[in-house]
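Note that ligands are numbered from 1 as they come in the structure, with each ligand's atoms numbered from 1 the same way.
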Amino acid sequence: MARTGALPNRIRIELGDITRLTVDAIVNAANASLLGGGGVDGAIHRAAGPELLAECRGVGGCPPGEARLTRGYRLPAGHVIHTVGPIWRGGDAGEPDILARCYRSCLAIAREQGFQTIAVPAIATGVYGFPRDRAARIAVAEVAAYLAQNEIPAIVIFVCFDEANRDAYNAALGRGN
Ligand code: ADP
C-alpha cells in the first residue's frame, strides 16, 4: 500500500462504458487476431466505426502480453491501445505473468506517445475468464509500479463495467467503497 498511497491522484476508478471517455487513449482487451470480438472489443469497434477494423487488418495481429497502437477514429478518445490478455486455464499456464505484461506493454506505448491520460478496462476478466479480484491486484500493482517510475502517463483510469469490478479495484487499491 505504501507505493500506491504515494500516487492517489494518478490512479482513478470509474464505473461505466470505456467508449465514452475523452482521453488520449483507451485500452482494448482484444483477441490475438485484432479483428474484433465481443465484450469491450465489440463495443470499441462499434463506437470507432469501420475505419478501426481496416487499420487493425494492416497490423497483423498481436501475441498475448503485447500491445499495438491504432487511431481512435469516431471515438472521443484519440487512440486505441490494443492488448491481448491470457485465456485463463487455471492459473498455472503463465496467465498472471501475461496479464502483467499486458499492462506494462500498454503503459510503455502511452509513455512513448506522450499520452497524459489513458483508460483501461479489466483485461481478460470477461470471456477470457481471469478471476476478477486477482486481475485487479495485478492491474493495480503493475500500474502503480510504472507510475512510480514514470511521469507519463500522468493519469490511468481503471474503467469498470460493473460494480463487482469496481469493488475489486477499490479493494486492490485499499480504498473504501
Ligand atoms: P477478455 O476477452 O479480455 O476477457 P472482455 O471484453 O470479455 O475481454 O471483458 C473484459 C472486461 O471488459 C470485462 O470486465 C467486461 O465486463 C468489461 N467490459 C465490457 N464492455 C465494456 C465497456 N464498454 N467498457 C468498459 N468495460 C467493458
Donor-acceptor contact below 3.5 Å, side chain [X] vs main chain [Y]:
| X | Y | value |
| --- | --- | --- |
| E66 | C62 | no |
| N31 | G36 | yes |
| D17 | T19 | yes |

Contact atoms of ligand 1, heavy-atom distance to [X] under 4.0 Å:
| X | value |
| --- | --- |
| G39 | 6 (O), 20 (N) |
| G16 | 24 (N), 25 (C) |
| N165 | 14 (O) |
| A43 | 23 (N) |
| A29 | 3 (O), 8 (O) |
| D17 | 22 (C), 23 (N), 24 (N) |
| T125 | 4 (O), 11 (C), 13 (C), 14 (O) |

Next on the checklist: Please enumerate all residues that pass salt bridge (Lys or Arg N to Asp or Glu O under 4.0 Å) together with R137, with sequence neighbours excluded.
Outcome noted: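 Counting only residues at least two positions away or on another chain, R137 forms no salt bridge (Lys or Arg N to Asp or Glu O under 4.0 Å).
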Item to check | Non-neighbouring partners of E51 that pass salt bridge (Lys or Arg N to Asp or Glu O under 4.0 Å), sequence neighbours left out | outcome: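 Checked E51 against salt bridge (Lys or Arg N to Asp or Glu O under 4.0 Å); matches are R74.
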Item to check | Sub-3.5 Å N/O-N/O distance, V159 and ligand 1 | outcome: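 Checking ligand 1 against V159, no N or O pair falls under 3.5 Å apart.
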Checklist entry - Would one find an N or O of G129, backbone or side chain, under 3.5 Å from an N or O of ligand 1? => result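 There is no such contact.
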Distance to 0.1 Å, residue and atom name: give those for the protein heavy atom nearest to [atom].
| atom | result |
| --- | --- |
| atom 17 (C) of ligand 1 | F161 CB, 3.9 Å |
| atom 7 (O) of ligand 1 | V127 N, 2.9 Å |
| atom 24 (N) of ligand 1 | I18 N, 3.0 Å |
| atom 4 (O) of ligand 1 | G126 N, 2.8 Å |
| atom 11 (C) of ligand 1 | A122 O, 3.3 Å |

Taking all non-hydrogen atoms of both residues into account, name the closest pair between [X] and [Y] and its distance.
| X | Y | result |
| --- | --- | --- |
| H45 | L34 | NE2-O, 4.5 Å |
| V84 | I98 | O-CG2, 4.4 Å |
| Y73 | A48 | CB-O, 3.4 Å |

Item to check | Proximity winner for atom 20 (N) of ligand 1, if only heavy atoms of V40, I44, V84, T19 are counted | outcome: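 Result: the heavy atom closest to atom 20 (N) of ligand 1 is in V40.
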Item to check | A47, A124, G85: member with heavy atom nearest to atom 3 (O) of ligand 1 | outcome: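 Checking each option, the heavy atom nearest atom 3 (O) of ligand 1 is found in A124.
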Next on the checklist: Between R101 and D97 (salt bridge meaning N to carboxylate O under 4.0 Å), is one present in this structure?
Outcome noted: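 Salt bridge flag = yes for D97 with R101.
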Checklist entry - Between H79 and F115, what is the ring plane arrangement, given parallel below 30°, perpendicular above 60°, and tilted in between? => result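 Rings of H79 and F115: tilted, as their planes differ by 30° to 60°.
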Item to check | W88 vs F130, ring-ring contact (aromatic ring centres under 6.0 Å, His included): CA-CA, chis, key distance, verdict | outcome: CA-CA 5 Å; W88 182 258; F130 203 113; 4.7 Å; yes
Next on the checklist: Any atom of ligand 1 sitting under 4.0 Å from a heavy atom of G37?
Outcome noted: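 In this structure, G37 fails to qualify as a contact of ligand 1 - no heavy atom is under 4.0 Å.
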